[in-house]
Amino acid sequence: MKQEKGKTPIDQTMLYLENYREMQRYVRDAVSEVDQVGDTDKYNISAEKAYLRSIRECRAETIIWLEHMDKALNSLREDADATGEGYKYDALAAVYIEGKTYADIARETGCGKNSPKKWCRVMIMRLSIKLFGAKALDNGANCAEIEDNLSKTG
């Protein structure tokens, strides 16, 4: 998926995480084949084939992106577990994949109310590098922000 102008890789990572569950739903539910259309007599299916092709392309792009995201998330989990920070990954997964709130996590873990948000912020910065590679570090301000946040919450 193309990166929007003016959005940093961290912003893009947040956007993708915030829409992760919806992208999964889209892949599962998108109507991209003629046989998925109920009453084909109501529609001029031959005229709609180009539109269905467009939906297939969007669906394929979303599938590829989700695979990339899943691999990056798995790598992030492995790294977090290896460094004893699995709880930070768990907070990220709870918020963005399971749909829980920061308050839910704080209540479940007994941590301070701001801790889950800080943990997620650290994980998002690390995930942005796994998703966007060097591009996540291209902007000097982003690199400084990542280093600053990692030292504060790491």
Side-chain angles (χ1 to χ4, degrees), residues 1-33 36-37 50-154:
M1 296 195 167
K2 294 177 185 166
Q3 185 175 332
E4 291 180 36
K5 276 199 162 185
K7 294 238 181 211
T8 68
I10 292 171
D11 294 335
Q12 287 296 112
T13 301
M14 286 280 300
L15 184 64
Y16 290 128
L17 279 170
E18 289 168 351
N19 291 285
Y20 182 86
R21 290 179 296 146
E22 190 60 28
M23 287 191 298
Q24 287 178 318
R25 188 205 57 77
Y26 175 77
V27 166
R28 185 181 59 247
D29 298 343
V31 175
S32 59
E33 303 298 330
Q36 291 176 285
V37 177
Y51 185 69
L52 291 173
R53 185 173 43 252
S54 173
I55 294 171
R56 279 192 300 274
E57 289 170 2
C58 289
R59 185 173 179 269
E61 186 176 354
T62 304
I63 288 169
I64 291 166
W65 183 255
L66 283 171
E67 282 297 314
H68 182 56
M69 175 72 90
D70 288 343
K71 285 185 181 225
L73 286 167
N74 287 333
S75 176
L76 184 66
R77 171 174 273 301
E78 290 171 6
D79 292 351
D81 287 343
T83 59
E85 296 179 316
Y87 62 95
K88 291 180 182 180
Y89 177 87
D90 292 342
L92 179 85
V95 170
Y96 294 102
I97 297 171
E98 298 169 27
K100 292 184 178 181
T101 66
Y102 294 127
D104 292 337
I105 297 164
R107 191 173 34 261
E108 290 171 9
T109 62
C111 67
K113 69 176 186 167
N114 295 326
S115 294
K117 187 172 185 175
K118 290 178 185 177
W119 299 339
C120 286
R121 190 169 43 241
V122 168
M123 291 290 108
I124 288 167
M125 285 184 245
R126 292 178 185 170
L127 183 61
S128 72
I129 295 167
K130 293 180 181 298
L131 291 173
F132 296 101
K135 187 173 219 97
L137 302 174
D138 279 350
N139 182 333
N142 288 344
C143 195
E145 178 185 352
I146 290 169
E147 290 174 6
D148 184 47
N149 280 314
L150 289 177
S151 67
K152 284 181 186 175
T153 57

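Applying the side-chain contact (heavy atoms from CB on, under 4.5 Å) criterion to Leu66, with sequence neighbours excluded, gives Tyr20, Met23, Gln24, Val27, Thr62. In this view, Glu108 and Lys100, Asp104 satisfy the side-chain contact (heavy atoms from CB on, under 4.5 Å) rule, not counting sequence neighbours.
Between Asp79 and Lys130, some side-chain heavy-atom pair lies under the 4.5 Å cut-off. A 4.5 Å side-chain heavy-atom check between Tyr26 and Cys58 finds at least one atom pair inside the cut-off.
Pairing each heavy atom of Leu76 with each of Met123, the nearest pair is CD2-O, 3.8 Å. What you find for Ala106 and Gly112 is that their closest heavy atoms are CB-O, 3.9 Å. Among all heavy-atom pairs drawn from Ala72 and Leu131, the shortest one is CB-CD2, 3.6 Å. Nearest heavy-atom pair, Tyr102 versus Cys120, reported as atom, atom and distance to 0.1 Å: CE2-SG, 3.8 Å.
Checked by atom type and distance alone, the side chain of Thr109 pairs as donor or acceptor with a backbone atom of Ile105 at under 3.5 Å. In terms of modelled atom types and a separation under 3.5 Å, the side chain of Asp70 and the main chain of Glu67 share no donor-acceptor contact. With hydrogens and angles ignored, the 3.5 Å screen pairs a side-chain donor or acceptor of Ser128 with a backbone N or O of Met125.
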Contacts table for residues 89-98: side-chain donor-acceptor under 3.5 angstrom, sequence neighbours left out:
unit_1	atom_1	unit_2	atom_2	d
Asp90	OD1	Arg77	NH1	3.4
Asp90	OD1	Arg77	NH2	2.6

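A salt bridge does not link Glu61 with Arg56: every distance from a Lys NZ or Arg NE/NH1/NH2 to an Asp or Glu carboxylate oxygen is 4.0 Å or more.
Ring orientation note: the planes of Phe132 and Trp65 are tilted relative to one another, at an angle of 30° to 60°.
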Let me see the working for Cys111 and Trp119 under side-chain contact (heavy atoms from CB on, under 4.5 Å), right down to the final yes or no. CA-CA 11 Å; Cys111 67; Trp119 299 339; 3.7 Å; yes

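Atom CD in Glu78 sits 11.5 Å away from atom CG in Leu73 (nearest 0.5 Å). One distance of note links CG of Asp29 with CZ of Arg59; it measures 9.5 Å at 0.5 Å rounding. Between the CZ atom of Arg126 and the OG atom of Ser75 there is a distance of 11.5 Å, given to the nearest 0.5 Å.
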